[in-house]
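All values below come from the heavy atoms of this structure, side chains included, with hydrogens, waters and symmetry mates left out. In the text below, chain A, chain B and the rest are named by the order of the sequence lines, each starting its count at 1.
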Number of protein chains: 2
Amino acid sequence: MLSKTCEYGIRATIFIALQSILGKRTSLKYISKEIDSPEAFTAKILQKLVKEKIIESIKGANGGFEISQPKLKSTKLSEIVYAIDGYDIRNRCMLGLPHCSPDNPCSVHNKYKPVRDELITLFTDTTIEEMALGIKDKSAILK
Amino acid sequence: MLSKTCEYGIRATIFIALQSILGKRTSLKYISKEIDSPEAFTAKILQKLVKEKIIESIKGANGGFEISQPKLKSTKLSEIVYAIDGYDIRNRCMLGLPHCSPDNPCSVHNKYKPVRDELITLFTDTTIEEMALGIKDKSAILK
DNA sequence: CTAAAATCGGACAAAATAGTCTTAATTTTA
DNA sequence: TAAAATTAAGACTATTTTGTCCGATTTTAG
Ligand code: FES
Ligand code: FES
């Protein structure tokens with residue numbers, strides 16, 4: 001479904017968001033500890049998310065990662081997914097045919113399309129803040 | 001979502017099913033041509049499907065692959081998926097947490113679970129015959 | 001100014017997935 | 001019976017994904 005890279009990226013973003021909501025900046029070391037991910041690998045993913053302007057990084061001592069208040073509310077889960085895994089998921093054929101389309105459908109297209117559409121809706125409707133608040137009020141976990 | 005191995009496996013099974021409906025037995029060479037897949041790799045996948053008793057193979061000249069009439073109707077798409085990709089998809093956490101459960105949900109569990117359930121329903125409700133008939137009546141394609 | 005704490009960037013390594021090749025075994029047909 | 005057509009099986013290779021390591025850069029604190 002999602003690559004491991006993307007899974008780590010989403011969990012890291014949620015944790016950075018949580019800390020930002022609490023008014024704190026957080027470090028790579030702490031992030032990878034709290035989301036239970038390999039530190040060096042997570043560093044690479046965070047670099048990507050910084051380049052894609054989903055999170056912000058501050059170098060040097062007392063540096064770390066954070067997300068601005070406006071972005072917490074405006075950034076959707078879909079942006080993380082597309083930044084890391086690309087747009088392929090939006091119109092990939094479930095049976096691997098080169099072009100998924102209603103004109104040349106595979107044998108499961110008509111059943112799969114609605115499910116995939118719901119997944120895309122989930123991605124585009126869910127905000128980073130929303131996910132982070134789930135962690136804050138302890139109705140969800142990160143590891 | 002599904003591995004390439006699984007995609008090839010499903011497409012191959014659909015094609016074998018179609019030929020069986022038409023009363024014909026079909027060969028590896030023809031299958032990989034008709035589903036546009038690498039021949040040697042497809043051979044490996046078919047071996048697996050034979051072992052799992054989803055398709056039958058007949059060795060020697062005029063040999064090939066086929067599916068019995070009863071199995072065409074009784075075998076579900078889910079059986080192919082589980083045989084090749086395993087049961088993981090049924091309860092894998094979208095964010096990669098080690099155990100997906102409603103007791104310890106990740107930040108998207110409540111939204112994702114229903115979508116995943118629909119996917120599983122798609123798998124368990126769809127028969128091989130149904131998929132093959134879509135190819136037969138030209139309402140679906142295989143490559 | 002210097003040392004420590006942090007991210008950045010690129011090369012490298014390991015593991016998983018995808019795919020190939022060669023030889024053996026089986027069956028039909030000439 | 002021998003050749004041809006076919007699947008079976010195992011070793012091998014290639015590619016992609018996942019992950020590590022190290023040195024450079026930036027910033028703060030003493
Ligand atoms: S053509 Fe296969 S899912 Fe659309
Ligand atoms: S816990 Fe993440 S999808 Fe269920």
With A/Glu66 as reference, evaluate A/Lys71, A/Arg25, A/Gln19 under the side-chain hydrogen bond (donor to acceptor under 3.5 Å, both in side chains) test and give the passing residue.
A/Arg25
Whole angstrom value for the distance that separates P of D/dA5 from OH of B/Tyr30:
18 Å
Within the structure shown, what part of the strands sits under 4.0 Å from B/Ile58 by heavy-atom distance: base, sugar-phosphate, or nothing?
sugar-phosphate
Evaluate whether atom NZ of A/Lys143 has more than 12 neighbouring non-hydrogen atoms of other residues, nucleotides or ligands under 6.0 angstrom away.
yes
Determine: side-chain N/O of A/Ser57 to OP1/OP2 of C/dA6, distance under 4.0 Å, yes or no.
no
Could you tell me how far apart B/Lys29 (NZ) and C/dT20 (P) are, to the nearest whole angstrom?
15 Å
Would you mind telling me which of C/dA5, C/dC8, D/dT6 lies closest to the side-chain atoms of A/Phe65?
C/dC8
Of all the nucleotides listed (D/dA9, C/dG19, C/dC21), which has the minimum atom distance to the side chain of B/Ala40?
C/dC21
Which of the following nucleotides, C/dG19, D/dT27, C/dA25, is nearest to the side chain of A/Lys59?
D/dT27
Roughly, in whole Å, what's the span from CD1 in B/Ile45 to P in C/dT20?
11 Å
In whole angstrom, what separates A/Asp85's CG from D/dT18's C1'?
13 Å
Along DNA chain D (nearest heavy atom to each residue), the more 5'-positioned of A/Leu2 and B/Asn62:
B/Asn62
Side chain of B/Lys44 (C-beta onward), nearest among C/dT20, C/dA18, D/dT7
C/dT20
Can you measure from NZ (A/Lys113) to CD1 (A/Ile120) and round to the nearest 0.5 angstrom?
10.0 Å
Nearest to the side chain of B/Thr5 - C/dG9, D/dA8, C/dA18?
C/dA18
Looking at A/Glu118 and B/Arg116, is any side-chain nitrogen of the basic one under 4.0 Å from a carboxylate oxygen of the acidic one?
no
Hey, does the side chain of B/Tyr8 come within less than 4.0 Å of C/dA18's phosphate (OP1/OP2), counting only N and O?
no
Nearest to the A/Pro38 side chain among D/dT20, D/dT7, C/dA4, which nucleotide is it?
D/dT20
Any base atoms under 4.0 Å from A/Leu28, or only sugar-phosphate, or nothing? Heavy atoms, all strands.
sugar-phosphate
Which whole-number value in Å describes the distance from A/Phe41 CZ to C/dA15 C1'?
12 Å
Within the pair A/Gln47 and C/dG9, is there a side-chain N or O less than 4.0 Å away from OP1 or OP2?
yes
What's the closest nucleotide to the side chain of B/Lys4 if the choices are D/dT7, C/dA6, C/dA18?
C/dA18
Separation of B/Ile55 atom CD1 from D/dT6 atom C1', in whole Å?
14 Å
Check the distance between C/dT7's P and A/Ile16's CD1 and give it to me in whole angstrom.
10 Å
What is the distance, to the nearest angstrom, from the NZ atom on B/Lys51 to the C1' atom on D/dA9?
8 Å
Run the salt bridge (Lys or Arg N to Asp or Glu O under 4.0 Å) test on A/Lys29 and A/Glu34 for me, step by step, so that the C-alpha distance in whole Å, both residues' side-chain angles and the decisive distance to 0.1 Å come before the verdict.
CA-CA 9 Å; A/Lys29 194 171 289 186; A/Glu34 292 301 312; over 6 Å; no
Atom NZ of B/Lys76 with >12 non-hydrogen neighbours under 6.0 angstrom:
yes
